[in-house]
Each structure stands twice: as structure tokens, then as C-alpha cells.
Participant: 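First, the structure itself, so that you have it in front of you.
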Amino acid sequence: MASAMALRPPSLRRRRIAARAAVPEEGGGSKDAGVRLVFPDGERRAEVGVLLRNAMKDNQVEVYTTWGKVWNCSGAGQCGLCIVDVMEGEEFLNEKSDHEKKKLKGKPASWRLSCQTELVQPGTVRIQNLPQAQ
């Protein structure tokens, strides 16, 4: 049986960089994974270079509303359903692309598409997931 990634058209195949939660080290400390993500329901960690959508999914944070789970574009940046509100720490993320700006036209400036948002340097990012459902 072919994997879901293999069934996608080549134009939609994306390299998936797995996000990792903080891993406890011997001696009780923790291995810093790079970026501290603060959500309303708690804190998670992810590595630099990971797309925010992947970090959220890998850390069991809701990315989509109920209908979004059915109708999303799987991270291709086409549907606009993976919106997050970056409340703090925008400087630790990549800049919005022209495509992302077009998709978010008329939305608050702090909203981002999580599938187009890369964690580019260590720091703390405070995020409200599912702001469109608020």
C-alpha cells in the first residue's frame, strides 16, 4: 500500500520536518528543542526550521476547526484554514510571503497560516490557535 505522501502530486509534496517535544535528560533537566510555543492550553517545544503546522500537529495541538479537518489542503497553503494568531514572538518566525499576505488580506496583521510559518530562530512564541472560531 502506498503512503499518503506518495499519492500526492509532486507539486504538493513537502519535506516534513518532525517537531519534537522537550526530551528529559538524565539528571532531571530537559534538552531544549529550540522554540518554546505557548498556547492557551499549555506550552510545547519545537525545533528551529519546523513549520508551525507540523509542530502543532506533532504536539497534539488543534490546527483546524471541525470542517477544516475535512476540507484542508494538507499544508499546501491553498485553503487558509490553518490560521493562527501570533500574539508574541513574531520575530522568531519567517516573514509573510506574498502568497500568505494575499490569503490573509482583510484579516488582522497578527494572523498567519501555520502551514506557511517557519520557526526560524530560538525564542518564545505565544499563539492563539483557531482564532477564527473565537
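Counting begins at 1 with the first residue of the sequence. Keep in mind the model is a prediction, meaning the values are calculated, not measured.
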Participant: Please answer whether the main-chain N or O of A55 pairs with a side-chain N or O of N59 as donor and acceptor at a distance below 3.5 Å.
Facilitator: yes

Participant: Who are the salt bridge (charged side-chain N to carboxylate O under 4.0 Å, His left out) partners of E62, not counting sequence neighbours?
Facilitator: K69

Participant: Would you please name every residue forming a salt bridge (charged side-chain N to carboxylate O under 4.0 Å, His left out) with E90, sequence neighbours left out?
Facilitator: none

Participant: Would you check, one step at a time, whether the test side-chain contact (heavy atoms from CB on, under 4.5 Å) holds for M56 with F39?
Facilitator: CA-CA 10 Å; M56 291 172 67; F39 295 95; 3.7 Å; yes

Participant: Is the shortest side-chain heavy-atom distance between P40 and N129 below 4.5 Å?
Facilitator: yes

Participant: Does Q60 use its side chain to pair, donor to acceptor, with the backbone of D58 at less than 3.5 Å?
Facilitator: yes

Participant: Considering residues, nucleotides and ligands other than K96, do more than 12 of their heavy atoms fall under 6.0 Å from its NZ?
Facilitator: yes

Participant: Which residues satisfy the salt bridge (charged side-chain N to carboxylate O under 4.0 Å, His left out) test with D41, sequence neighbours excluded?
Facilitator: R44

Participant: Quick check: do W71 and C79 have side-chain heavy atoms less than 4.5 Å from each other?
Facilitator: no

Participant: Rounded to the nearest 0.5 Å, how far does CZ of F92 lie from CD of E118?
Facilitator: 15.0 Å

Participant: Within a 6.0 Å radius of atom CD on E95, are there more than 12 heavy atoms belonging to other residues, nucleotides or ligands?
Facilitator: no

Participant: Output yes when E47 and R45 qualify as a salt bridge under the 4.0 Å nitrogen-oxygen rule, no when they do not.
Facilitator: no

Participant: Go through it in stages, so that I can follow the logic: the residues are V38 and V125, the test is side-chain contact (heavy atoms from CB on, under 4.5 Å), and I'd like the CA-CA distance, side-chain angles, deciding distance and then a yes or no.
Facilitator: CA-CA 6 Å; V38 180; V125 183; over 6 Å; no

